[in-house]
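Have a look at the structure below, then the notes.
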Amino acid sequence: MIVIVKPQATEEQREQLLRRIRELGLQPMVSNGAERTVVGLIGDERLIAEGMLESLPAVEQVMPILKPYKLVSREFKASDSIIEVRGIPFGGPQIQVIAGPCSVETPEQMRRAAAAVQAAGCRLMRGGAFKPRTSPYTFQGVGDEGLDYFRDAADAYDLPIVTELMDVRKIDLFLEKRVDVIQIGTRNMQNFDLLKEVGRLQVPVILKRGMSATVKEWLMAAEYIAAHGNHRIIFAERGIRSFETSYRNVLDVTAIPFLKKETHLPVIVDPSHAGGKTWLVPALAKAAIAAGADGLLIESHPCPEEAWCDADQALSPEQLQTLMGDLRKLAEAIGRSL
Ligand code: PEP
Ligand code: MN
């Protein structure tokens with residue numbers, strides 16, 4: 001943090017500023033320029049709440065230089081972090097695709113879904129046993145036993161599982177069922193109690209962007225998880241709200257390189273919830289990879305027209321296979337692999 005001192009500030013007012021900085025536990029470094037005096041603050045600037053120094057008579061402007069997010073920032077760690085899920089690396093040269101149904105439905109549906117996910121060459125599987133639905137009258141997910149259907153189907157094809165956690169009371173169940181990646185959905189990105197609890201685990205977390213969250217709020221949400229001890233975080237852009245109503249959300253492609261600059265952690269993209277239509281998914285998936293995403297989270301279903309949830313955005317096994325072929329070529333063209 002840098003404090004710019006008012007040119008007309010008296011000696012007494014300047015002394016008061018330096019005294020206050022020391023009282024707050026920081027070290028002032030005074031730089032007397034030809035025209036202006038600037039005071040650099042050494043130490044953890046987060047000890048200072050907003051407005052604490054601005055009110056002093058000597059102060060013209062306070063400029064933060066340390067990001068409010070620390071553990072997740074590139075300032076803290078310059079090199080890319082690789083987050084491994086059962087040996088599968090996120091954040092390295094290899095792009096990871098997670099595919100599977102929006103919702104766990106039946107053991108048979110999950111077996112067929114897992115077969116298609118593996119056949120297409122995706123390395124992890126997704127599926128929600130607990131669904132955050134806008135209406136309380138729609139299907140809410142099959143619940144606890146859904147994790148068994150998922151675990152059994154995924155184990156048969158050796159696929160790690162990614163599933164959404166909405167309630168801290170389900171954490172023991174998630175650990176018991178050996179959930180490989182906990183997904184925090186868009187509606188819970190700022191559920192700070194949930195973030196603190198997953199922060200106490202050592203299970204990798206996919207943190208989806210809140211549908212109306214700024215990149216900074218998203219980074220701060222990740223900081224909650226990291227601050228409580230879990231540094232195994234993967235960001236997932238899934239589209240944000242805008243004035244446009246022709247498609248479900250707007251995929252914020254700009255957020256991909258921006259986030260990669262701000263954080264050392266991997267960034268993946270969910271083109272399914274961004275577009276909300278099957279036909280939009282391939283274009284958005286390719287745009288994401290071209291923009292530097294480390295992976296994709298895609299909804300696929302053995303029989304999309306029969307899906308209990310998000311039927312109009314799921315890829316069929318054939319569509320998933322075709323997309324993976326296209327993504328493989330794209331990955332090679334940008335010096336990565338799939
Ligand atoms: C999901 O991935 O199943 C989901 C509900 O996504 P989001 O939280 O992005 O809406
Ligand atoms: Mn869905």
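We count ligands from 1, going down the list as the structure has it; atoms in each ligand are counted the same way. All values below were derived from every heavy atom in this structure, side-chain atoms included, with hydrogens, water molecules and symmetry-related copies excluded.
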Point to revise | Cut-off under 2.8 Å, centre the Mn ion (ligand 2), protein N/O/S atoms | key: C102 SG, H273 NE2, E299 OE2, D310 OD2
**Study point:** Contacts of type side chain to side chain contact (heavy atoms under 4.5 Å, CB included), residue D167, not counting sequence neighbours
**Key:**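 Partners of D167 by the side chain to side chain contact (heavy atoms under 4.5 Å, CB included) criterion, ordered by chain and then number, come out as R169, K170.
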Would [X] and [Y] pass as an ion pair if we require N to O under 4.0 Å?
X	Y	answer
D155	R178	yes
E60	K6	no
K70	E75	no

Study note, to complete from the structure: From the list Y69, F192, W218, ring-ring contact (aromatic ring centres under 6.0 Å, His included) partner of Y224 resolves to F192
Review point. With the 4.5 Å side-chain cut-off for hydrophobic clustering, are M211 and L195 part of the same group?
Key: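 No, no single cluster joins them.
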**Study point:** First-shell residues of ligand 1 [heavy atom, distance under 4.0 Å]
**Key:**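 Contacting ligand 1 under 4.0 Å are R126, K131, P132, E164, Q183, G185, T186, R187, K208, R238, H273, E299.
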Check your understanding: Is there a side-chain contact between P271 and L280, using heavy atoms and a 4.5 Å cut-off?
Key ->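 They are not in side-chain contact.
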Review point. Does some side-chain heavy atom of L17 sit less than 4.5 Å from a side-chain heavy atom of R20?
Key: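 R20 does not reach L17 side chain to side chain.
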Which donor-acceptor pairs under 3.5 Å do side chains of residues 287-297 form with protein atoms, sequence neighbours excluded?
from: D294; atom 1: OD1; to: K260; atom 2: NZ; distance (Å): 3.3
from: D294; atom 1: OD1; to: R336; atom 2: NH2; distance (Å): 2.7
from: D294; atom 1: OD2; to: K260; atom 2: NZ; distance (Å): 2.7
from: D294; atom 1: OD2; to: V267; atom 2: N; distance (Å): 2.9

